[in-house]
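Just so it is clear, the values below take in all heavy atoms, side chains as well, and ignore hydrogens, waters and symmetry mates. Proteins get letters first, then strands, A, B, ... in listed order; numbering begins at 1 in each.
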Number of protein chains: 2
Amino acid sequence: MEQRRADTIAEELEERIFDGTFANGDRLDEVRLADQFGVSRTPLREALQRLSRSGLVELIPRRGAFVRQPGPVELLELFEAMAEIEGVCGRLASKRITDAALADLHDANRRCMAAIEAQDPDAYYRENERFHMIIYQQSGNSFLAGEAQALHRRLKPFRRHQLRLRGRMAQSMREHEAIVEALEQGQADVAMQALRAHVAIQVEHVHSLMASLKSAAE
Amino acid sequence: MEQRRADTIAEELEERIFDGTFANGDRLDEVRLADQFGVSRTPLREALQRLSRSGLVELIPRRGAFVRQPGPVELLELFEAMAEIEGVCGRLASKRITDAALADLHDANRRCMAAIEAQDPDAYYRENERFHMIIYQQSGNSFLAGEAQALHRRLKPFRRHQLRLRGRMAQSMREHEAIVEALEQGQADVAMQALRAHVAIQVEHVHSLMASLKSAAE
DNA sequence: GTCAAATATTTTGTATACAAGAATTGTGTT
DNA sequence: AACACAATTCTTGTATACAAAATATTTGAC
């Protein structure tokens, strides 16, 4: 018997919320799910509480657990928060980043470029993610890095859509290069503003966000 | 029988961690505490999980729950993160703050001043808190406001010490006024930097932090 | 037929029971 | 005496049982 089923269950449930198996507002029936996972209610409830902490599930006392996809307003707020926090990470990183990390950023950018040439959005997304993670780490503040990572993760389903937009990958690529340059030269405010804008631009395409939101809600 | 004991227990435990009843590294015995609170292990475990999410308790699988006070490094990171996030809140608030909120800030400052004259650090702290909460709210971003509030709460025990430092209240007061002025005039970057510095200055007094840290650890 | 109150059913929250892993103690060997 | 290993004791994680609240259903009055 393996240890700690609760977190594996939480992951699985999260996956199902992301992939749309559970729609917004759905009630997550404890007994049914427990049955489905072949466990008792105890570890399942534990998993639900964990999900409520990360915001995917709302736990209403004496009523149950409900899937809670962010609405338009909340989504905008999350993107804005992410833009701001990434900006902050960039500002701090500009003063603390190591040469090795700078080399890694260059490397990630090269791979991004290759992905664009290969017309491979998935590869691009993967390398793009690496790029951002490096910056989080190099902020030198593990708390902020953790927050940034959590937000990144939470907004993932909504970001993927954006890359499909015409020309977005190439544009994103240019922004990456400007960001690395600012970091390289220790230009704190330039790096901050560039990163903030790089994330905030996704809010510009709110309509496409709303579309993905609606499709997730049905 | 009242409803939802788990959160009242979580609050109570949090209180005891803050006030030093439970020292750093202490193991929180489920059965003993359950007994003490007159409940079963189930709601108590729920409370422990909640505390682990807010970082006060580390939950090691198959070993138990341990009190986890932040160490020096983590403490510096938390203060830095708070300074940055407050700065961000201030920047956003400078563009969005309402006249009513500005009036509230002035009011909070007046009360702060009165507290200084009355040599009442507790009253000062209370009004100071109100001042900051208003700014969080006025960022217009409930996610960021929530994060800021959570950090504020978490660092509370370490902030209180700082106010006792000679002249800190008066200095803090002047900073508050500069912040309100920047917000009033919509000077985004001035407000951001002022707020960031206002919080970051507490890191300057690291030694006093360490002292309070050590006393909490024994 | 509609609405309301009472009853039945479902579902959450909590207590207890049990199982498996960790810690501890005791014993035997060198 | 020190170490290793085994058996015991504790403790966590999970399952089941029970209680109270919320929801659904039935029944009765108008």
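Each of A:G64 and A:T42 was assigned the nucleotide of DNA chain C with the nearest heavy atom; the assignment lying further toward the 5' end belongs to A:G64. Take the nearest nucleotide of DNA chain D for A:V39 and for A:R63: the residue whose nucleotide is more 5' is A:V39.
Contact annotation: A:R41 side-chain N/O to D:dA15 OP1/OP2 distance is not under 4.0 Å. One finds a side-chain N or O of A:S40 lying less than 4.0 angstrom from the OP1 or OP2 phosphate oxygen of D:dA15. Between C:dT11 and A:R32, no contact under 4.0 Å exists linking OP1 or OP2 to a side-chain N or O. Regarding contacts with the backbone of D:dT23, every side-chain N or O of A:R62 stays at 4.0 angstrom or more from both OP1 and OP2.
Comparing C:dG13, C:dA15, D:dT14 by their closest approach to the side chain of A:P61 singles out C:dG13.
Look at CG on B:L44: it is 14 Å from P on C:dT16, rounded to the nearest Å. Per the geometry, CG belonging to A:L33 stands 13 Å off C1' belonging to C:dT11, to the nearest Å. Remark: P of D:dT14 and CD of B:E46 are 15 Å apart, rounded to the nearest angstrom. Rounded to whole angstrom, the span from the CZ atom of A:F66 across to the C1' atom of D:dT23 amounts to 12 Å. Going from atom CZ of A:R45 over to atom C1' of D:dT16 covers 14 Å, rounded to whole Å. Rounded to whole Å, atom P of C:dA23 lies 14 Å from atom CG of B:D29. For the pair B:I60 CD1 and C:dA23 P, the computed distance is 10 Å after rounding to whole Å. Between A:I9 atom CD1 and D:dA15 atom C1' the separation is 13 Å, expressed in whole Å.
Between atom CG of residue B:L195 and atom CZ of residue B:R91 there is a gap of 12.5 Å, rounded to the nearest 0.5 Å. Put simply, CZ on B:R196 and CD1 on B:I201 are 14.0 Å apart, with the number rounded to the nearest 0.5 Å.
With A:R16 as the partner, the side-chain contact (heavy atoms from CB on, under 4.5 Å) test is satisfied by one option alone out of A:T21, A:L28, A:V67: A:T21. Among A:K156, A:R53, A:R153, A:R154, the single residue meeting the salt bridge (Lys or Arg N to Asp or Glu O under 4.0 Å) criterion with A:E14 is A:R153.
Backbone-only contact: B:R27 has heavy atoms under 4.0 Å from sugar-phosphate atoms and none from a base. Residue contacts shown for A:V31 are absent, as no nucleic acid heavy atom lies under 4.0 Å away.
The residues A:E129 and A:R126 are annotated as not salt-bridged, no charged nitrogen and carboxylate oxygen being separated by less than 4.0 angstrom.
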